[in-house]
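Notes for the one structure printed next.
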Amino acid sequence: MSYLLLKDLFKRHGECMNTAVSVAGWVRTLRVSKNLGFIELNDGSFFSGVQIVFQDTLSNFEAVSKLGTGSAIAVTGTVVASPGKEQSFEIAATAIEIVGACDSDYPLQKKRHSFEYLRTIAHLRPRSNTFSAVFRVRSLLAHAIHSFFQDRGFVYVHTPIITGSDCEGAGEMFRVTTLDPKSPPLTEEGKVDFSKDFFGKETNLTVSGQLAVENFCMAFRDVYTFGPTFRAENSNTTRHASEFWMIEPEIAFAGIEEDMRLAEDMTKFIIRFVLERAPEEMKFFNAMIDKGLLERLEQVASSDFGRVTYTDAIDLLKKSGKTFDYPIEWGSDLQTEHERYLTEEVFKKPVFVIDYPKEIKAFYMRQNDDGKTVAAMDMLVPGIGELIGGSQREERHDRLLRRIEELGLKKEDYWWYLDIRRFGGCPHAGFGLGFERAVMYLTGMTNIRDVQPFPRTPKNAEF
RNA sequence: UCCUCGUUAGCUCAGUCGGUAGAGCGGGUGGCUGUUAACCACUAGAUCGACAGUUCAAGUCUGUCACGAGGAGCCA
């Protein structure tokens, strides 16, 4: 049993004209009158479906006429020119096999459903136009990211999902344990005795692969991680999920300049990659989800990104004469409204903001000579604000140690991270990109729950 | 976690001044020879999120809770 994929039929329908084909897929809509009917069939290989025309000469015309949306069928027929306005060709069926009937309470209708409702039927929503497009683009984007880094010789590092390090410092973690929650073994002080736990110590799901990947960077030079990360934060927003994927490249013998060039090149590459390989899906998003999407992406892919220091950015915002909901002051972090103003109004293209005050950035970022700022960079893009955050890392052992102590962190927790500064340390830099945020940026979708196949958010792990 | 809004048929929603429930789509039945979210006719389908309270009377007013959405904080 072998069926022609609709992807291939659409690619070469000219040469298929007037030949016999067999296709298999799911009924999207069905319209029937006394002696003939029309089925829109989608087989998942292509965004568009093909129209099947069937006559009452079919042996099972009655049964086929009663099929509901969602049914799985296999069709044999002839590719013919279509007299209809909405398609240039169609398949005149000679036989239709009902592979899997669909109960009449199938929840997906021909009309538009709310995204909110579709989230409650996450097992069925990939059959809808929007989610079909979203998840094909998500898949392509993952491919694009691997292609970009692999083509440049980066080594893909699988950093651990379960981590014994409680110092990743990026947020609340999910504990991993096999201890009995009702009566865990206790120490003499009455605390939970994790030495009796599976790993002999407290373990959690990772919140970031960065610290681990820095170690491999000191061996392979250019590396990246791309995998799931977990945050047990009770945040209920359109941009946060408890489980999400992150891309974290790290480059050795390189500083913040090389880091920005890498971020810019990667951004342009993945945009072009997806525009080339999913033109139907991208046109759909531009028409149905976000009217300015294609124009914005084309512009980003073809412009040279701007550069501005945090200090200059603050001046630009102050001089803008625009009133913001949040005050602008040196030392406080840029709000989304500030970021968007900079990239959309001032620069009118993506822009890197560099050299942030050290107080508002992470301990591992390289301290600048002014004693006030660190070599951090945020890449701001029109439409959403910050898309990428990165930095040159502090490679000087004494400086890093002092910063750890200043912030009251426990240096014992960082022994291996500090070690790589003693054993052949060198300047290095990297950045982090939330994969879902990249999917949202490329599709125009505005809720992270709608770009993950089965999203995990506070109080929700149904599927 | 905080603020705001919401929860009525399978779905999307309407429901006036407090007086006992409506539409479209979907489902079912029938009709129709070229449809494009087909069309036409008929039909079934509702503990109005839950629990209290006010009232002769609550989908409608009040309180609590649950769930959802948007925004904020935090961040990716």
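Just so it is clear, the model here is predicted, and its values are computed rather than measured. Only heavy atoms go into these numbers, but all of them, side chains included; no hydrogens, no water, no symmetry mates. A note on names: the letters A, B, ... follow the listed sequences, proteins ahead of strands, and every chain is numbered from 1.
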| Could you go step by step and tell me if A:Glu395 and A:Arg366 meet the salt bridge (charged side-chain N to carboxylate O under 4.0 Å, His left out) rule? | CA-CA 7 Å; A:Glu395 84 281 9; A:Arg366 193 178 196 276; 2.8 Å; yes
Are [X] and [Y] close enough that their ring centers fall under 6.0 Å?
X        : Y        : value
A:Tyr156 : A:Phe226 : no
A:Phe54  : A:Phe61  : yes
A:Phe352 : A:Phe431 : no
A:Phe148 : A:His146 : no
A:Phe89  : A:Phe10  : yes

| note | Residues at least two apart in sequence or cross-chain that pass salt bridge (charged side-chain N to carboxylate O under 4.0 Å, His left out) with A:Glu281, listed by chain then number, are A:Arg136
| Salt bridge between A:Asp222 and A:Arg152, side-chain N to carboxylate O under 4.0 Å? | no
At under 4.0 Å between heavy atoms, what does [X] touch on the DNA or RNA strands: base, sugar-phosphate, or nothing?
X        : answer
A:Pro107 : nothing
A:Asn35  : base
A:His240 : base
A:Glu386 : nothing
A:Thr229 : nothing
A:Ser235 : base

| note | With sequence neighbours left out, the residues meeting side-chain hydrogen bond (donor to acceptor under 3.5 Å, both in side chains) with A:Thr237 are A:His240
Would you indicate, yes or no, if [N] has its OP1 or OP2 atom less than 4.0 angstrom from a side-chain nitrogen or oxygen of [X]?
X        : N     : value
A:Ser114 : B:U12 : yes
A:Thr29  : B:A38 : yes
A:Arg31  : B:U35 : no
A:Asn234 : B:G73 : no
A:Thr238 : B:G71 : yes

When the distance from [atom1] of [X] to [atom2] of [N] is rounded to whole Å, what number comes out?
X        : N     : atom1 : atom2 : answer
A:Phe54  : B:A38 : CZ    : P     : 13 Å
A:Leu30  : B:G27 : CG    : C1'   : 15 Å
A:Gln335 : B:C75 : CD    : C1'   : 12 Å
A:Arg119 : B:C11 : CZ    : C1'   : 16 Å
A:Lys110 : B:G26 : NZ    : P     : 6 Å
A:Leu67  : B:G28 : CG    : P     : 11 Å
A:Tyr117 : B:U8  : OH    : C1'   : 16 Å
A:Phe89  : B:U35 : CZ    : C1'   : 17 Å

Below 3.5 Å, does any donor atom in the side chain of [X] face an acceptor in the base of [N], or the other way round?
X        : N     : answer
A:Asn236 : B:U1  : yes
A:Gln51  : B:U35 : yes
A:Glu116 : B:G6  : no

| task | Compare every heavy atom of A:Leu297 with every heavy atom of A:Met282, then report the nearest pair and how far apart it is. | result | CE-CD1, 3.6 Å
Determine the Euclidean distance between corresponding [atom1] atoms of [M] and [N]; express it in Å to zero decimal places.
N     : M     : atom1 : result
B:A57 : B:U1  : P     : 38 Å
B:G73 : B:U55 : P     : 45 Å
B:C48 : B:U20 : P     : 15 Å
B:U35 : B:G30 : P     : 24 Å
B:A46 : B:G68 : P     : 26 Å
B:C11 : B:U54 : P     : 34 Å
B:U47 : B:G10 : P     : 7 Å
B:G71 : B:G15 : C1'   : 29 Å

Where the side chain of [X] is concerned, which of [options] is the nearest nucleotide?
X        : options             : result
A:Gln87  : B:U35, B:U33, B:G10 : B:U35
A:Tyr326 : B:U33, B:U29, B:G73 : B:G73
A:Glu90  : B:U35, B:G28, B:C32 : B:U35

| field | Contacting residues from residues 120-152 of chain A, given that a heavy atom lies under 4.0 angstrom of RNA chain B | value | none
| message | Within residues 448-463 of chain A, which residues have any heavy atom lying less than 4.0 Å from an atom of RNA chain B? | response | A:Ile448, A:Arg449, A:Lys459
| request: Using the salt bridge (charged side-chain N to carboxylate O under 4.0 Å, His left out) rule, pick out the option among A:Asp355, A:Asp378, A:Asp333 that qualifies with A:Lys361. | output: A:Asp378
Just the table, please: protein N/O against nucleotides 44-46 of chain B N/O, every pair under 3.5 Å.
none

| field | Neighbour count >12 (heavy atoms, 6.0 Å) for atom NZ, A:Lys372 | value | no
Side chains of residues 38-45 of chain A: which donor-acceptor pairs under 3.5 Å do they make with residues two or more places apart or in other chains?
| residue | atom | partner | partner atom | Å |
| --- | --- | --- | --- | --- |
| A:Asn42 | OD1 | A:Gly44 | N | 2.8 |
| A:Asn42 | ND2 | A:Phe47 | O | 3.3 |
| A:Asp43 | OD1 | A:Ser45 | N | 2.9 |
| A:Asp43 | OD1 | A:Ser45 | OG | 2.8 |
| A:Asp43 | OD2 | A:Leu6 | N | 3.0 |
| A:Asp43 | OD2 | A:Ser45 | OG | 3.3 |
| A:Ser45 | OG | A:Leu6 | N | 3.2 |
| A:Ser45 | OG | A:Lys7 | N | 3.0 |

| note | Between A:Lys34 and A:Ser104, whichever has its closest RNA chain B nucleotide further toward 5' is A:Ser104
| field | Ring geometry between A:Phe216 and A:Phe220 (parallel below 30°, tilted from 30 to 60°, perpendicular above 60°) | value | parallel
| Is there a donor-acceptor contact under 3.5 Å from the side chain of A:Arg456 to the main chain of A:Phe454? | yes
